[in-house]
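One structure is given here, and the rest of the page talks about it.
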Amino acid sequence: MSRYQERVPDVSAVIAAMVRKGLIGKAEDIENDHIAFRTMGVPQLGVQSLEKIFLHYGYTKMDHYYFASKKLDAWWYAPPLPKYPRIFISELRVKDLSRQAQDIITSYTDEVKADPVNLLDLDDSKAVDTFLHSGLWRTPTLADFQALAAESEYAAWVIYNRYYLNHFTVSVHNLPAGYNTIAEFNQFLEQNGFILNDAGGKIKTSPDGNLLQSATVAGMIPASFAGGDTIKIAGSYVEFAERKVLPPFAGLPAAEIRREHRREGFEAGNADKIFESTYSTQTKKSS
């Protein structure tokens with residue numbers, strides 16, 4: 001989280017705005033709904049590799065989601081204790097892309113000869129942290145990045161950023177009244193100058209109405225490519241989630257409401273639009 005915060009200015013800015021308004025006293029007061037990672041679906045990498053880290057730490061693999069238009073699979077993982085964030089890991093269905101895109105991707109990922117997580121001491125948290133911030137393959141060329149972006153902006157993001165943390169998520173439902181719904185919190189964000197992803201609307205709502213999400217648009221960060229080219233590309237972003245109390249628990253006093261009383265899991269329709277926080281249709285608003 002510390003490295004993610006250094007690289008995503010919106011994180012510190014959102015936290016600072018919340019502290020100024022008295023919504024939290026310090027960053028550690030934020031309830032982190034979930035963190036998300038993006039991966040390449042090739043045999044030695046992808047979800048089957050990265051999930052080993054979280055399964056080792058006691059997470060439980062839950063529901064599968066399929067995103068046909070983006071050619072992605074994803075799963076979420078429930079934490080061993082409620083104080084920890086959920087994990088959401090997606091992977092690109094590389095074999096569903098054009099032959100040209102597949103060849104570009106595998107020219108990089110083939111540098112990874114075996115599943116790198118198998119070589120980690122998973123009880124060494126510093127080694128795991130270093131791994132999550134390490135380049136698994138060489139820095140891509142600008143030409144390869146742009147060729148991938150033309151077909152899959154997700155593919156381009158991963159080929160440059162590798163396993164870098166894609167986003168973390170502020171739970172808003174336990175914030176003070178007036179700021180504890182997505183609608184109210186979005187208003188607070190926009191009043192503080194944050195640009196929201198409006199793909200599918202600024203509020204992404206599950207069909208049951210019990211999971212509401214929004215996200216900032218990823219900031220554009222300078223990226224240096226092989227050969228010396230430098231352009232600005234989408235970095236990471238911050239997400240916000242409101243999980244409503246489920247009907248059987250509607251009568252509970254506010255002080256007694258726990259995580260297990262609220263809407264659990266994820267929603268493919270919501271996540272599909274959240275992915276676009278790094279897509280050019282959204283980032284052009286922040287550049």
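The first residue of the sequence shown is numbered 1, and numbering continues consecutively from there.
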Taking only residues two or more places apart in sequence or in another chain, which ones pass side chain to side chain contact (heavy atoms under 4.5 Å, CB included) with [X]?
X      : answer
Lys26  : Glu28, Asp29
Thr39  : Val47, Leu50, Ile89, Glu91, Tyr163
Pro79  : Tyr59, Tyr84, Arg86, Arg259
Ala183 : Thr181, Ile203

Would Phe54 and Phe37 count as a close aromatic pair, with their ring centres under 6.0 Å?
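Centroid distance Phe54-Phe37: below 6.0 Å, so yes.
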Could you tell me if [Y] and [X] have a donor-acceptor pair between their side chains, going purely by distance under 3.5 Å?
X      : Y      : answer
Asn270 : Ser206 : no
Asp198 : Gln282 : yes
Arg243 : Asn174 : no

Is a donor on one side and an acceptor on the other found under 3.5 Å between the side chain of [X] and the backbone of [Y]?
X      : Y      : result
Ser277 : Ala215 : no
Lys232 : Gly219 : no
Arg38  : Phe275 : yes
Lys71  : Ala68  : no
Asp144 : Pro140 : no
Ser152 : Leu148 : no
His261 : Arg258 : yes
Ser49  : Gly46  : no

Nearest heavy atoms of [X] and [Y], plus distance in Å:
X      : Y      : value
Ala234 : Trp157 : O-NE1, 3.4 Å
Gly178 : Glu184 : O-CB, 3.2 Å
Leu120 : Ala127 : CD2-O, 3.9 Å
Gln213 : Ala241 : CG-CB, 4.2 Å
Ile104 : Ser107 : O-OG, 2.7 Å

With side chains defined as the heavy atoms from C-beta onward, is the minimum distance between [X] and [Y] less than 4.5 Å?
X      : Y      : value
Leu45  : Val112 : yes
Leu97  : Leu92  : yes
Trp76  : Glu264 : yes
Lys70  : Glu276 : yes
Ser280 : Thr283 : yes
Ser90  : Tyr65  : no
Thr169 : Ile35  : no
Asp115 : Gln48  : yes

If you round to the nearest 0.5 Å, how far is [atom2] of [Y] from [atom1] of [X]?
X      : Y      : atom1 : atom2 : value
Glu239 : Phe88  : CD    : CZ    : 9.0 Å
Ile257 : Arg262 : CD1   : CZ    : 5.0 Å
Lys202 : Gln187 : NZ    : CD    : 10.5 Å
Ser224 : Leu142 : OG    : CG    : 11.0 Å
Leu189 : Ser214 : CG    : OG    : 6.5 Å
His173 : Leu211 : NE2   : CG    : 10.0 Å

Membership question, hydrophobic clusters at under 4.5 Å side-chain separation (ILVMFWY): are [Y] and [X] in the same one?
X      : Y      : answer
Val172 : Val238 : yes
Ile159 : Tyr279 : yes
Ile221 : Leu132 : yes
Leu136 : Leu119 : no
Leu252 : Val245 : yes

Counting only heavy atoms from other residues, nucleotides and ligands, does the tally under 6.0 Å from NZ of Lys52 exceed 12?
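Yes.
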What salt bridge (charged side-chain N to carboxylate O under 4.0 Å, His left out) pairs are there with at least one residue in residues 146-163, not counting sequence neighbours?
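Sorted result for residues 146-163: empty, none.
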Under the salt bridge (Lys or Arg N to Asp or Glu O under 4.0 Å) test, which residues partner [X], sequence neighbours left out?
X      : value
Lys273 : none
Asp103 : Arg99
Glu267 : Arg263
Asp124 : none

How far apart are the C-alpha atoms of Phe67 and Asp73, what are their side-chain angles, what is the distance that settles it, and do they pass the side-chain contact (heavy atoms from CB on, under 4.5 Å) test?
CA-CA 6 Å; Phe67 304 90; Asp73 285 306; over 6 Å; no
Tell me the ring-ring contact (aromatic ring centres under 6.0 Å, His included) pairs involving residues 218-239, sequence neighbours left out?
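Residue pairs with at least one partner in residues 218-239: Phe145-Phe225, Tyr160-Phe225, His167-Tyr237.
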Restricting to pairs with a member in residues 187-215, which pass ring-ring contact (aromatic ring centres under 6.0 Å, His included), not counting sequence neighbours?
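Residue pairs passing ring-ring contact (aromatic ring centres under 6.0 Å, His included), neighbours aside: Tyr179-Phe188, Phe185-Phe188.
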Criterion ring pair (Phe, Tyr, Trp, His ring centres under 6.0 Å) against His34, the qualifying member of Phe240, Tyr77, Phe266, Phe168:
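Exactly one pass, corresponding to Phe266.
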Sidechain N-carboxylate O distance under 4.0 Å for Lys244, Glu242:
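Looking at Lys244 and Glu242, the cut-off is met.
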If the condition is side-chain hydrogen bond (donor to acceptor under 3.5 Å, both in side chains), which residues does Glu111 pass it with, not counting sequence neighbours?
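Arg138.
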Checking side-chain contact (heavy atoms from CB on, under 4.5 Å) for the pair Glu51/Ile87: CA distance, chi angles, key distance, verdict?
CA-CA 9 Å; Glu51 72 178 4; Ile87 304 291; over 6 Å; no
